Amino acid sequence: MKPSKIIKIDPVTRVEGDLKFQAQCDENGVVTDAQSAGSMFRGFERFLVGKNPMDALGITPRICGMCSSAQSYTCSNALRDLFQVEMPANGYHIKNIVLGVENIQNHFTHFYLLFGPDLAHSRYKKKLGYNTVNRRFRINGDSYKQFVNLRNDFMNLMGIFGGRWPHNLAMQPGGTSQILNDRLRLNYGYSHYLAFKEGIESIFLGCTIKEWRKIDTYEKLKIYLEKQKNKSDLSLFLQTGIEFGLDKLGKGPEKYISSGSYDLMDGSFLFKPGFYDGEFKKFSHNQITEAIKFSFFEDDEKSSRHPFQGKSQPDNGDNKEKYSWVKAPRYDDQVVETGPLARMMVHQDPLVIDLFRHKGASVWLRMFARFQEAIRTLEVLNDWILSIKINAPNINHWETVTSGEGVGLGSAARGILGHWIQVEKGVISNYQVITPTAINASPRDDHNRPGPMEMAAIGTRILDESDPLELLHIIRSYDPCLVCSCHAVRING
Amino acid sequence: MKLLWLQGASCSGCSMNFMCTKKPNIIELQERYDIEFVFHPSITPLSGKEVEELLQLYTKEPIDLLIVEGGVMTGPDNTGRYHHYAGKPFMEWITRLSETAKYIIAVGSCSAFGGIPVISPNINDVKGLQFVMRKPGGFLGEQYKSRSGFPVINIPGCPAHWMNVITVLIDISLGRLNLDDLDEYNRPEYVFKDYLHHGCPRNEYFEYRQEATHVGEEGCMFENLGCHGPLVKCNANLHRWFDGWGSCTYAGFPCIGCVSPGFPEESFPLFKTAKLAGIPVELPEGVKKSAYFQSKILANRACPERLKIKKGE
C-alpha cells in the first residue's frame with residue numbers, strides 16, 4: 001500500500017498571477033484535502049483611500065491586465081451610481097463592445113494558449129484522437145498558431161473603440177470618450193469584427209454562428225459532433241474531452257451565481273443575474289460575505305462580513321492555519337461558483353442546462369460553457385457595432401460629489417466583479433473590490449468549508465503524483481486569475 | 001538566446017499586451033530572432049516543481065535575457081513574505097538571477113520604477129529594479145550592471161507597448177544595442193525621445209488654444225483635463241496601438257503619463273490640470289510661463305471659426 005502523499009504545485013502556470021496549489025492524497029491516490037493559495041498580496045484598495053473619486057478609474061483597471069476593461073466597466077458603473085448620471089445609447093453600445101471584445105478574446109485565449117496544450121500531454125497518447133489533438137492544440141500547434149493571428153487582428157477593435165489595451169480610460173461614468181464621428185473608423189471596426197467572426201466559424205465552430213445557435217439540446221449536439229468528425233476545434237475538444245475523461249473531472253459546488261452581464265439600456269442584461277442552488281433564485285449583492293479565517297489577515301471579532309464592512313490587516317504570519325492572500329467570499333452562506341458556467345446556468349442557456357442535466361458539472365462542461373458564452377457574445381457584438389449612431393452623443397456630463405456611495409457590478413471573463421465606493425469630503429474613504437477568482441480560488445471559510453476549486457479537486461484520483469495533470473485540468477478549467485484576487489485589503493483609514 | 005520572463009508585483013498586463021505582438025507574433029519572434037522562451041508564466045508548458053528547478057538551474061548557469069514584469073516586493077520588513085514564488089520570496093529569485101543574467105529588461109513601469117503598487121503609502125515596500133520612481137537605487141542598487149555591462153534596460157508604460165519591447169529584443173539579438181543608447185532613466189532613448197503630443201490628432205486644438213472642459217468633447221485636453229501629452233516622452237501617438245487604430249488621445253481620453261518615472265503618483269488627481277492664475281503649473285519642457293501665456297492669447301485670437309469650441313451647448 002502506498003502511503004498518503006502531499007502534492008505541491010508552486011507555481012501553477014498558465015493561469016494569471018501567482019497560485020500555489022496543494023493536495024493531500026490517500027493511499028489510492030485520491031485527493032482527500034486541497035489548498036488553493038494566492039501567494040501575492042498587493043493591497044490595491046488601500047491606494048485609493050484619500051484620492052479623488054475619478055482617480056479610481058485610472059487605478060482599478062490596473063488590478064488586472066486580463067480583465068482590465070471589465071474593471072473599467074465596473075468602476076465606471078460604481079462612479080455612475082455615485083454621480084447619478086445617465087448614459088446615452090452609444091455609451092452602452094461602445095462599453096459593451098469593449099467589454100465583449102475583451103471577454104471573447106479572454107475565453108478563446110484561455111482555451112488555445114492556457115488550457116488546450118494540456119490535452120497534448122503524452123499521457124493521452126494511446127487515446128482516440130490524440131494525434132489530431134497533438135497536432136492542433138499543442139503549444140505552437142496548427143490551431144494555436146492560427147488563433148494567435150486571428151486574436152491579434154481582432155484586438156484592433158480595442159484600438160478602434162478603446163484606444164489601447166489593457167488599461168484604457170475610454171469607459172467613463174457618463175458614457176465613453178470616443179468621438180466616433182469618423183465613420184471610417186467605425187466601418188473598419190465592423191470589418192475587423194466580421195473577419196474574426198468568420199475565423200472562429202471556420203476554425204473553431206466548423207459552421208456559422210447562426211447554424212450553431214440552433215443546437216439547443218444534447219441530442220442535437222451529438223448530431224453536430226457526428227457531422228464534424230473532429231474537423232472543427234470545438235468538436236475535437238468535445239469528443240476527445242470525453243475520451244480523455246474531462247467530463248468526469250472537477251465537478252465543483254454545482255451552485256452558481258452571476259450578477260448579470262452586459263448592461264442594456266432598459267436596465268436588463270444580455271445574460272441574466274441569478275443564483276442557482278438546485279433552483280433558480282434572485283441574485284442580491286448584499287448576500288455576499290467574506291471570511292478570513294484561513295487568509296493571511298488579522299482575525300476579527302466578526303469573522304464574515306459584507307465587503308463594504310470588510311476590515312482586514314495583513315497578519316504577522318504566526319498563525320500556521322492560514323494559507324492564502326485570498327479571502328473566502330460566500331453567497332447566502334454557501335460555497336458558490338462564478339464564471340461562464342455560472343452565467344450560462346443562471347441565464348438558462350438551453351444547451352448548457354441540458355448538458356448539465358445529462359452529465360452534471362465537470363471540467364468539460366465548464367470549458368464548454370465558456371465557449372457558449374463567447375459565441376453568444378460574438379453573435380450580439382454584430383448588433384452593438386451596427387447600433388452605434390454617428391454624430392449622436394456617446395457621453396453625458398456629470399457633476400462630482402463631495403459625499404456619497406456607489407455600487408458597480410460587472411462581468412469579467414472569469415465571473416462576477418463588484419466595486420463599492422464611498423466618498424467623504426470629496427475623497428474616497430473606502431473602496432472595495434470583489435473579483436471572480438477570489439470566489440473560485442478561495443480558501444476555506446469560517447465553517448472550514450473548502451472553496452469551489454478546492455472542492456472540485458477533492459475526490460479526484462491522481463494517476464501520477466509527480467505529474468498531477470488532473471489537478472492542472474481542474475484548476476485551469478476555472479481560468480483563475482490571481483492578480484485580481486490578491487489585491488483585497490483594506491486598512492481602516 | 002534564452003529568455004526567462006518573471007512576473008513580480010504585476011497585473012500581467014504587459015504580458016497580455018506583449019502577446020498581441022505582430023510581425024513578429026510570439027511564435028515568429030522565437031523562430032526568426034533566435035529567441036527561446038525558456039520560461040514565461042503564460043506561454044511555456046512548465047508548472048510547479050519544474051519551474052523551481054529551472055529557476056534554480058539559471059541561478060548557476062548564465063541566462064541571456066531576464067525580463068521582469070512588475071515590481072519587487074520587499075515587504076513586510078524586508079522579508080518578501082508578501083510575494084512568494086516557486087518556493088521562496090520572489091525577491092530572492094531576482095537577487096540570484098541578477099548575478100547570472102546577461103541582460104535584464106524591465107518591461108512596464110512597475111519593474112522599471114515601481115509603478116502602481118508604489119502609490120503612497122507603499123505598504124508592500126515595492127521597488128523598481130533600479131529605481132523607485134525618479135530615485136535611482138531600487139531593488140538592485142544604482143551601481144548594478146548585468147554581465148553584459150548594461151544596467152537594467154527600462155521599457156516603461158502601463159502596459160509597456162509591445163512594439164517598444166520587441167524593438168529592444170531585436171536590437172539585442174542583432175547585437176546593436178549600445179550603452180549610449182540609454183537615457184538618464186536607462187530607457188532606450190530612440191524609443192522615448194518624443195513627447196506624446198507628437199502626432200496627437202488634437203494638435204490643431206492645442207495650436208489655437210481650444211480647450212475641452214469635459215472628457216468626450218472636441219478640443220485639446222492639456223489645460224483642463226490633466227492631459228500629460230506635452231509633458232511625457234511616449235511614442236504612442238507616433239506609432240499608436242493595434243495597427244495604428246488606437247492611442248489614448250485617439251480614443252478621446254487624456255494621457256495620464258503612464259510611461260513617466262513619476263507615474264502614477266505625480267499624475268494625481270487624474271482628469272484635472274493643476275493651474276495657477278489660469279495657467280497650467282506644469283508646462284512643456286523649456287517653455288517659459290510668460291511666453292506660453294502670450295502665445296496662447298495670440299493663438300486664441302488666430303483661431304479659425306471652424307475649430308472654435310462653442311461653449312454652453
Side-chain angles (χ1 to χ4, degrees), chain A residues 8-14 16-18 20 39-43 46-47 51-52 54-55 57-59 62-66 68 113-114 117 139-140 145 148-149 152 155-156 158-170 172 175-179 185 188 314 317 394-395 397 472 483, chain B residues 7 9-17 20-22 25-27 41-48 51-52 73 76 81-87 116-117 119 123-124 158-159 214-216 218 236 240-248 250-254 256 258 264 267-272:
Chain A
K8 270 189 199 163
I9 316 176
D10 173 21
V12 183
T13 52
R14 277 180 288 124
E16 300 307 338
D18 295 331
K20 199 155 74 173
S39 54
M40 181 172 81
F41 157 72
R42 283 194 299 165
R46 180 72 196 280
F47 309 156
K51 299 278 186 304
N52 276 3
M54 283 296 286
D55 291 343
L57 210 55
I59 299 174
R62 271 117 179 143
I63 289 174
C64 176
M66 272 71 56
S68 160
L113 274 62
L114 309 180
I139 291 178
N140 296 356
K145 276 187 178 167
V148 165
N149 287 326
N152 291 2
M155 293 309 279
N156 284 1
M158 274 301 183
I160 292 171
F161 292 103
R164 71 210 291 263
W165 185 81
H167 311 333
N168 68 62
L169 295 166
Q172 295 277 326
T176 55
S177 63
Q178 298 88 335
I179 299 173
R185 286 170 73 76
Y188 266 87
N394 299 330
I395 192 166
H397 303 315
L472 292 173
V483 293
Chain B
Q7 292 172 336
S10 86
C11 70
S12 299
C14 293
S15 276
M16 288 304 113
N17 187 267
C20 296
T21 165
K22 278 181 172 177
N25 65 26
I26 48 171
I27 302 160
S42 314
I43 299 176
T44 43
L46 308 182
S47 222
V51 179
E52 194 181 328
M73 280 199 192
R81 185 181 155 244
Y82 286 153
H83 186 198
H84 257 251
Y85 193 74
I116 287 279
I119 296 176
I123 40 177
N124 310 322
C158 188
H214 300 279
V215 175
E218 294 280 2
R240 304 208 290 281
W241 297 65
F242 299 113
D243 284 349
W245 285 109
S247 85
C248 302
Y250 265 75
F253 56 87
I256 59 172
C258 77
S267 302
F268 296 125
L270 308 181
F271 306 105
K272 216 174 187 171

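These numbers come from a predicted model, not from an experiment. Basis for what follows: all heavy atoms, side chains included, without hydrogens, waters or symmetry-related copies. Just so it is clear: chains get the letters A, B, ... in the order the sequence lines come, proteins before strands, and each one is counted from 1.
- With a threshold of 4.5 angstrom between heavy atoms, B:S267 does not approach chain A through any atom at all.
- A:D10 places a side-chain N or O within 3.5 Å of a backbone atom of B:A86 that can act as its donor or acceptor partner.
- One distance of note links CG of A:D55 with CZ of B:F268; it measures 5.5 Å at 0.5 Å rounding.
- Under the 3.5 Å distance criterion, the side-chain polar atoms of B:S47 are matched with a main-chain donor or acceptor of A:T13.
- For A:N168, the parts sitting under 4.5 Å from any heavy atom of chain B are the backbone and the side chain alike.
- Contact check for B:K22 versus A:N156: side-chain heavy atoms found under the 4.5 Å cut-off.
- A heavy-atom distance below 4.5 Å is not found between the side chains of B:P269 and A:M54.
- In terms of heavy atoms, B:G216 sits closest to A:I395 at CA-CG2, 4.0 Å.
- The structure places OH of B:Y85 at 12.5 Å from NZ of A:K20, a figure rounded to the nearest 0.5 Å.
- Applying the side-chain contact (heavy atoms from CB on, under 4.5 Å) criterion to B:C14, with sequence neighbours excluded, gives B:E69, B:V107, B:P159, B:A160.
- Counting all heavy atoms, side chain and backbone alike, B:I119 lies closest to A:K51 at CG2-NZ, 3.7 Å.
- With a 4.5 Å cut-off on non-hydrogen atoms, B:T21 touches chain A through its backbone but not through its side chain.
- Side chain of A:R62 to backbone of B:I116: no donor-acceptor contact under 3.5 angstrom is found.
- Put simply, of B:S15, B:S247, B:G48, B:G13, the one with the most heavy-atom pairs under 4.5 Å next to chain A is B:G48.
- When all heavy atoms are compared, the tightest approach of B:M16 to A:G65 is CG-O, 3.5 Å.
- In this structure, CD1 on B:I26 lies 7.5 Å from CG on A:N152, to the nearest 0.5 angstrom.
- Shown here is B:K272, whose NZ atom has no more than 12 heavy atoms of other residues, nucleotides or ligands within 6.0 Å.
- Chosen from A:G162, A:S68, A:P117, the residue pairing most often with chain B at heavy-atom distances under 4.5 Å is A:G162.
- You'll find the side chain of B:I27 reaches within 4.5 Å of the side chain of A:V148, heavy atoms only.
- Taking NE2 of B:H214 as the reference point, atom CD of A:Q172 lies at 12.0 Å (rounded to 0.5 Å).
- In this structure, the portions of A:L169 lying under 4.5 Å from any heavy atom of chain B include both its backbone and its side chain.
- In terms of non-hydrogen atom pairs under 4.5 Å with chain B, the most contact-rich of A:L114, A:L472, A:I139 is A:I139.
- When atom types are taken as modelled, the side chain of A:S177 and the backbone of B:A251 share a donor-acceptor pair closer than 3.5 angstrom.
- Annotation: maximal heavy-atom pairing with chain A below 4.5 Å, among B:C20, B:P76, B:G244, B:G252, occurs at B:C20.
- With a 4.5 Å cut-off on side-chain heavy atoms, B:C258 and A:R164 count as touching.
- At distances below 3.5 Å, at least one donor-acceptor pair connects side-chain atoms of B:N17 with backbone N or O atoms of A:W165.
- Of the two parts of B:P45, the backbone and the side chain both hold a non-hydrogen atom closer than 4.5 Å to a non-hydrogen atom of chain A.
- Comparing A:H397, A:M155, A:M158 by how many heavy-atom pairs each has under 4.5 Å with chain B, the most go to A:H397.
- Looking at B:L46, the atoms closer than 4.5 Å to chain A (heavy atoms on both sides) all sit in the backbone: N, CA, C or O.
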